[in-house]
Novice: 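Below is a structure I'd like to ask you about.
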Amino acid sequence: MSDWADWDHIVKIDPDKTLVDGETFEDVAATGTDAIEVGGTTGMTEEKMKRVVDACGKHDIPVYIEPSNPASVVHSDRHDGYLIPVVMNAGDVAWITGAHKEWIRMDDDIDWSRTFTEAYIVMNPEASVASYTQANCDLDADDVAAYAEAAEHLLGQEIVYVEYSGMLGDTDIVAAAADILDDATLFYGGGIHDYESARTMAQHADTIVVGDLVHDEGVDAVRETVKGAKDATATVK
Ligand SMILES: CC(C)=CCC/C(C)=C/CC/C(C)=C/CC/C(C)=C/COP(=O)(O)OP(=O)(O)O
Ligand SMILES: O=P(O)(O)OC[C@@H](O)CO
Ligand SMILES: [Mg+2]
């Protein structure tokens, strides 16, 4: 069974951002979250990625690199694996297969035994990831469900990721993606900032992803979102 089948909650750390003053990666690992993803769209470098992966990898929690470009992939035995985005609604094929082909051409050390993909559906047109990938975010619930179904059944994706980075998403849209999936795991990320927003999104998604909050508010706020995710899982699923 894949690691993520048991995850209710992920903290996503952006190596281009800082933690709250006085907090450490150990504090983040101790929030009760199930895993740490390391990635961000803008300002990514190999050095920044390596620093955060090394720091997180010392703690007893799964750590996955989520690269936004081939140059931000680092190899180490400090982390558990790689979650490589494939953007279903990208306007530029580079973010579906192009960057992937270039990465594979350039990198002789890819460890396929711990490399997996995430089928992104990018929904917030204001997010850097939307402009970066020229995503068409003008999608209704039927469109999103169809992308999710295509991801699982045509492309064989094990993770579908409804991405509202920076804003809280539409629950009807998240529910539509959840309803259509058979076995794939649904990740939801975007705007989760407290117990209630976490619980609401976790009632639909299998796994919620909390990003900006860890950088802006810190670990106490993240801990509340872990509670929300765990309570939703205990009552709904
Ligand atoms: C093939 C390889 C190794 C890389 C390419 C992988 C792809 C397709 C990346 C596309 C962009 C993407 C989905 C990046 C994942 C990380 C992500 C969504 C971070 C959040 O981004 P924002 O919140 O928009 O950005 P900032 O917080 O940096 O402004
Ligand atoms: O930063 P936020 O809005 O929490 O979004 C989390 C994650 O989905 C970003 O890739
Ligand atoms: Mg962000």
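FYI, the numbering just counts along the sequence from 1. Order of appearance sets the numbers: ligands from 1, and atoms from 1 within every ligand.
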Novice: Count the heavy atoms belonging to other residues, nucleotides or ligands that lie under 6.0 Å from CD of Glu102, then report whether that count exceeds 12.
Specialist: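 Atom CD in Glu102 is crowded, with more than 12 foreign heavy atoms closer than 6.0 Å.
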Novice: Just heavy atoms, cut-off under 4.0 Å: does Asn69 contact ligand 1 by side chain, backbone, both, or neither?
Specialist: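 For Asn69, the contact with ligand 1 is made by the backbone alone.
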Novice: Backbone, side chain, both or neither: what part of Glu66 comes under 4.0 angstrom of ligand 1, heavy atoms only?
Specialist: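 It is the side chain that touches ligand 1; the backbone stays farther off.
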Novice: Ignoring angles and geometry beyond distance, decide whether Tyr120 reaches within less than 3.5 Å of ligand 2 through its nitrogen or oxygen atoms.
Specialist: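 No: no nitrogen or oxygen of Tyr120 is under 3.5 Å from one in ligand 2.
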Novice: Answer yes when Asp34 and Lys230 have at least one side-chain N-carboxylate O distance shorter than 4.0 Å, and no when they do not.
Specialist: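 Judged by the 4.0 Å cut-off on N to carboxylate O distance, Asp34 and Lys230 do form a salt bridge.
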Novice: Which of these, Pro85, Ser165, Gly43, has its nearest heavy atom closest to atom 23 (O) of ligand 1?
Specialist: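 Residue with the shortest heavy-atom distance to the ligand atom: Ser165.
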Novice: Between Asp212 and Lys17, does any side-chain N to carboxylate O distance fall below 4.0 Å?
Specialist: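 Answer for the salt bridge query: yes.
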Novice: Within less than 4.0 angstrom of ligand 2, does Tyr188 place any heavy atom?
Specialist: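 The answer is no, since Tyr188 has no heavy atom less than 4.0 Å from ligand 2.
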Novice: Could you tell me which atoms of ligand 1, counted from 1 in the order shown, lie closer than 4.0 angstrom to a heavy atom of Ala99?
Specialist: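 Close to Ala99: 1 (C), 5 (C).
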Novice: Which of the numbered atoms in ligand 2 are under 4.0 angstrom from any heavy atom belonging to Gly211?
Specialist: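 In order of numbering, the contacting atoms are 1 (O), 2 (P), 4 (O), 6 (C).
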Novice: Quick test of your reading of the model: are Arg199 and Asp231 salt-bridged, counting only N-O distances below 4.0 Å?
Specialist: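 So Arg199 does not pair with Asp231 through a salt bridge.
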Novice: Does the N or O separation between Thr42 and ligand 1 drop below 3.5 Å for any pair?
Specialist: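 Yes: some nitrogen or oxygen of Thr42 is under 3.5 Å from one in ligand 1.
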Novice: When you measure from the heavy atoms of Pro67 to every atom of ligand 1, does any distance fall below 4.0 Å?
Specialist: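 Under 4.0 Å: yes for Pro67.
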Novice: Centre-to-centre under 6.0 Å for Trp112 and Tyr82, is that the case here?
Specialist: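 No, ring centres 6.0 Å or more apart.
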Novice: Just distances here: any N/O of Gly191 and N/O of ligand 2 closer than 3.5 Å?
Specialist: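 Yes, at least one N or O pair falls under 3.5 Å.
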Novice: Heavy-atom contacts under 4.0 Å between Trp95 and ligand 1: side chain, backbone, both, or neither?
Specialist: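 For Trp95, the contact with ligand 1 is made by both the backbone and the side chain.
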Novice: Tell me whether Gly166 has any N or O atom under 3.5 angstrom from an N or O of ligand 2.
Specialist: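 By distance alone, the answer is yes.
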Novice: Going by the atom numbers of ligand 1, which of them fall below 4.0 Å from some non-hydrogen atom of Asp14?
Specialist: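 Result: 27 (O), 28 (O).
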Novice: State the atoms of ligand 1, each with its element, that fall below the 4.0 Å cut-off from a heavy-atom position in Ser128.
Specialist: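 So the atoms of ligand 1 that pass are 24 (O), 25 (O), 26 (P), 29 (O).
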Novice: Should Asp212 be counted as touching ligand 2, given the test is an N or O pair under 3.5 Å?
Specialist: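 By distance alone, the answer is yes.
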Novice: By number and element, which atoms of ligand 1 are closer than 4.0 Å to a non-hydrogen atom of Tyr132?
Specialist: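 Selected atoms, number and element: 11 (C).
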Novice: Report the member of His100, Glu163, His215 with the shortest heavy-atom distance to atom 1 (C) of ligand 1.
Specialist: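 The nearest heavy atom belongs to His100.
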Novice: Nearest 0.5 Å, please: how far is CD in Glu23 from CD in Glu217?
Specialist: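 Taking CD in Glu217 and CD in Glu23, the distance rounds to 10.0 Å.
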Novice: Between Ile84, Thr41, Asn124, Val122, which one has a non-hydrogen atom sitting closest to atom 20 (C) of ligand 1?
Specialist: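 Minimum heavy-atom distance to atom 20 (C) of ligand 1 goes to Thr41.
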Novice: Is there at least one pair of N or O atoms, one from Ser68 and one from ligand 1, spaced under 3.5 Å apart?
Specialist: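 Checking ligand 1 against Ser68, no N or O pair falls under 3.5 Å apart.
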Novice: With respect to atom 24 (O) of ligand 1, which of Val129, Asp92, Ile65, Thr133 exhibits the smallest heavy-atom separation?
Specialist: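 Heavy atom nearest to atom 24 (O) of ligand 1 belongs to Val129.
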Novice: Any idea which atoms of ligand 2 are less than 4.0 Å away from a heavy-atom of Tyr161?
Specialist: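 Every atom of ligand 2 under 4.0 Å from some heavy atom of Tyr161: 7 (C), 8 (O), 10 (O).
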Novice: Under a 4.0 Å N-O cut-off, is there an ion pair linking Glu224 with Lys227?
Specialist: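 A salt bridge is present here (some side-chain N lies under 4.0 Å from a carboxylate O).
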Novice: Could you tell me whether Pro70 and ligand 1 have an N or O pair separated by under 3.5 Å?
Specialist: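 Min N/O separation from ligand 1 is not below 3.5 Å for Pro70.
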Novice: Strictly under 6.0 Å, is that where the ring centroids of Phe187 and Trp4 end up?
Specialist: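 Distance test on ring centres: not under 6.0 Å, no.
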Novice: Do Arg105 and His100 touch side chain to side chain, with heavy atoms closer than 4.5 Å?
Specialist: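 Not in contact.
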Novice: With distance as the sole criterion, is a donor-acceptor pair present between the side chains of Tyr64 and Asp3 under 3.5 Å?
Specialist: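 Yes, Asp3 and Tyr64 have a side-chain donor paired with an acceptor closer than 3.5 Å.
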Novice: Less than 4.0 Å between a side-chain N and a carboxylate O, is that true for Asp16 and Lys48?
Specialist: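 Asp16 and Lys48: salt-bridged.
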Novice: Select one of side chain, backbone, both or neither to describe which atoms of Tyr164 lie under 4.0 Å from any atom of ligand 2, heavy atoms only.
Specialist: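 Neither part.
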Novice: Identify the heavy atoms of Ala29 and His59 that sit nearest to each other, and give their distance.
Specialist: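 In this case the closest contact between Ala29 and His59 is CB-CB, 3.8 Å.
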Novice: Counting from 1, what ligand 2 atoms have a heavy atom of Gly189 closer than 4.0 Å?
Specialist: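 Going through ligand 2 atom by atom, the ones under 4.0 Å from Gly189 are 8 (O).
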Novice: Decide whether the shortest distance between a heavy atom of Lys17 and an atom of ligand 1 is less than 4.0 Å.
Specialist: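 For ligand 1, residue contact (heavy atoms, under 4.0 Å) with Lys17 is present.
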Novice: Closest approach of Pro67 and Val73, non-hydrogen atoms and distance?
Specialist: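 Heavy atoms of Pro67 and Val73 come nearest at CB-CG2, 3.7 Å.
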Novice: Just wondering, more than 12 heavy atoms not from Asp138 lying within 6.0 Å of its CG?
Specialist: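 No.
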Novice: Could you say whether the N/O atoms of Glu163 and ligand 2 ever approach to under 3.5 Å?
Specialist: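 Yes, at least one N or O pair falls under 3.5 Å.
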Novice: Would you sort out whether Lys50 and Asp54 count as a salt bridge (charged side-chain N to carboxylate O under 4.0 Å, His left out), showing the intermediate values?
Specialist: CA-CA 6 Å; Lys50 188 170 180 350; Asp54 283 350; 2.8 Å; yes
